[in-house]
**Student:** 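Right, I'll just put the structure down here and ask away after.
These numbers come from a predicted model, not from an experiment. The first residue in the sequence is number 1, and the count goes up from there. All ligand and atom numbering here is 1-based and tracks the order in the structure.
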Amino acid sequence: MYETYSQILDELKEKSHFRDLKDYEGKDEKYIYFKGKKLLNLSSNNYLNFADNKEITKEFLDSAGDKYSFGSASARLLTGTLPVYKELEEMLSALYEKEKTLLYNSGYHANVGISSALCQKGDVIFSDKLNHASIIDGMQLSQGKFFRYPHNDMQCLETLLERERKNFNNAFIITESVFSMDGDIAPLKKIIELKKKYNCVMIIDEAHAFGVFGDKGLGVAETLGIINEVDLIVGTFGKAIGSMGAFVTGSKTLIDFLINKSRSFIFSTAIPPINVAFTKWIIENKLPLVSNKRQKMLSLGKKFESQSHIIPVVVGENQATVDLCDVLFHNGYFTLPIRPPTVPAGTSRIRISLTCEIEEHELNKLKELINESKLAK
Ligand SMILES: Cc1ncc(COP(=O)(O)O)c(C=O)c1O
């Protein structure tokens, strides 16, 4: 009975696609400990060093005392809503100047739950081709139709809108702001122009930008001054904030609709109160203190010709990507090969993600090794 699965696994191994969980020995700040080595961690979303940070954990626990439990024991609509959830939601609504905010257990829950609820029969979604798997899964679960436009290609998006918009009731345009695997930024102002022209709801996923971009760390929409023009903004707490969970902020009508119809919100136990309290504490107390570090990290990204702190090193073949990771490992760098289906076939890559304590000189050797690998091709 399991033969078909074994066969598929063997095929994955043949194509260097097989994934396995690794036995890391530990992590602290910018380092990871693996196979007896201390390595610079270039594969973490702990962008601001708030996770794996003993001092911060201690400071939070000292201030929180025994006020928050480790389990919510219930979904939010049952008995899973304590004051701290509402406080965080209200804090985010105030920061974004939106009517209402809803917490989700993760960015995956949020993206799956939002489009599957909002896009109903007769509706349509236009989604960037490189949007995260959670956005794709949400669209697939929805009752509507969806089109995926080529990455950041506004001409194709407009052609699609021109051709298709009239055939549907509600229409949505969904994009990431900073793309998770490419580190580039969506042309959000142009998308706003199109959403207005074609009467669409615009949703942006700021998973990798929340905490990093904007004076207050609210994301690329803040940097561009367009928060009030975007219908729904999604952000996650598991990356720059160093916690767990996600939020969506927007109009009262849409958020109330999600509370009533978003299945990944309704049918899941709420994240632990202690996590919600930690997220709120970080946003209130720590995020305002790291502006300089965030700027420094983004400037370092620019030196690698990236628009953000995420630097894609596209190698192409799976095995060659795995080999480059090995070379980097032996030189003190921890990176991971990113392969299909996470990225399109033929674009396997190393995704370098910077974190704010990494210094430029620590990356000199990395640059050399990457250049050498390009020359060897
Ligand atoms: C763009 C994007 N959205 C959503 C998610 C999912 O967020 P979470 O890890 O909180 O489930 C990710 C995670 O990698 C992501 O990259």
**Student:** If you look only at distance, which donor and acceptor atoms sit under 3.5 Å apart when one is on a side chain in residues 75-87 and the other is two or more places apart or in another chain?
**Tutor:**
from	atom 1	to	atom 2	distance (Å)
Arg76	NE	Thr81	OG1	2.7
Arg76	NH1	Glu89	OE2	3.0
Arg76	NH2	Glu89	OE1	3.1
Arg76	NH2	Glu89	OE2	3.1
Thr79	OG1	Ser74	OG	3.1
Thr81	OG1	Arg76	O	2.8
Tyr85	OH	Ile271	O	2.4

**Student:** Looking at Ile311 and Gly301, what are the two nearest heavy atoms and their distance?
**Tutor:** CD1-CA, 4.3 Å
**Student:** Give the other cluster members for Leu21, using side-chain heavy-atom distances under 4.5 Å between Ile, Leu, Val, Met, Phe, Trp and Tyr residues; answer none if it is isolated.
**Tutor:** none
**Student:** Could you tell me how the ring of Phe247 sits relative to the ring of Tyr96: parallel (under 30°), tilted (30 to 60°) or perpendicular (over 60°)?
**Tutor:** tilted
**Student:** Between the protein and ligand 1, which nitrogen or oxygen pairs come in under 3.5 Å, and how far apart is each?
**Tutor:**
from	atom 1	to	atom 2	distance (Å)
ligand 1	3 (N)	Asp205	OD2	2.6
ligand 1	10 (O)	Gly107	N	2.7
ligand 1	11 (O)	Gly107	N	3.2
ligand 1	11 (O)	Tyr108	N	2.9
ligand 1	14 (O)	His132	NE2	3.4
ligand 1	14 (O)	Lys239	NZ	2.9
ligand 1	16 (O)	His208	NE2	2.6

**Student:** Please give the remaining members of the hydrophobic cluster of Phe34, linking ILVMFWY side chains under 4.5 Å, ordered by chain and number.
**Tutor:** Tyr24, Ile32, Leu39, Phe329, Phe334, Leu336
**Student:** Any chance you could lay out the side-chain hydrogen bond (donor to acceptor under 3.5 Å, both in side chains) test for Gln319 and Asp323, step after step, and finish with the verdict?
**Tutor:** CA-CA 6 Å; Gln319 192 53 49; Asp323 292 345; 3.0 Å; yes
